[in-house]
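Reckoned from all heavy atoms, side chains included, excluding hydrogens, waters and symmetry mates.
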Amino acid sequence: MKHSDSMFENIEKNTNVKQEDIMKLVQSLQGADFQDEKTVRRVIRDVGALAGKPVSARKEDELTKAVMNRDIPLDLASLSKWFQSSR
């Protein structure tokens with residue numbers, strides 16, 4: 001089993017989000033401009049919907065600011081570690 005397969009299994013187990021849904025999201029993010037506020041907010045809403053977790057306006061504001069200030073890593077491996085450490 002490849003490292004990425006086990007990472008996806010961990011994500012599926014912890015979030016109940018299927019690998020194919022994650023891959024669709026990743027593909028939709030390729031080339032996305034994370035300095036564009038509308039794009040960042042759309043991504044945050046999409047991720048919340050995918051995970052079945054509503055994102056409050058306040059939390060969306062906080063996350064948008066963090067992404068645009070590059071306080072949140074944007075590569076998949078770093079994001080996985082970041083989400084695991086921020087539980």
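Residue pairs meeting the salt bridge (Lys or Arg N to Asp or Glu O under 4.0 Å) criterion with at least one member in residues 39-54, sequence neighbours excluded, are Glu37-Arg41, Arg41-Glu60, Arg41-Asp61, Arg42-Asp46, Arg45-Glu60.
No side-chain heavy atom of Lys24 sits under 4.5 Å from any side-chain heavy atom of Lys18.
Within the model, atoms CD1 of Ile22 and CD of Gln27 stand 12.5 Å from one another, a figure rounded to the nearest 0.5 Å. Distance CG/Leu63 to CD1/Ile44: 4.5 Å, rounded to 0.5 Å.
With sequence neighbours left out, the side-chain hydrogen bond (donor to acceptor under 3.5 Å, both in side chains) criterion links Ser28 to no other residue. For Asp21, the side-chain hydrogen bond (donor to acceptor under 3.5 Å, both in side chains) test picks out no residue, with sequence neighbours left out. With sequence neighbours left out, the side chain to side chain contact (heavy atoms under 4.5 Å, CB included) criterion links Gln30 to no other residue. Residues passing the salt bridge (Lys or Arg N to Asp or Glu O under 4.0 Å) test with Lys59, sequence neighbours excluded: Glu62. With sequence neighbours excluded, no residue satisfies side chain to side chain contact (heavy atoms under 4.5 Å, CB included) with Ala49.
In terms of heavy-atom proximity, Val55 sits nearest to Gly48 at CG2-CA, 4.1 Å.
Under the side-chain contact (heavy atoms from CB on, under 4.5 Å) rule, Thr64 has a single partner from Asn69, Val43, Val40, which is Val40.
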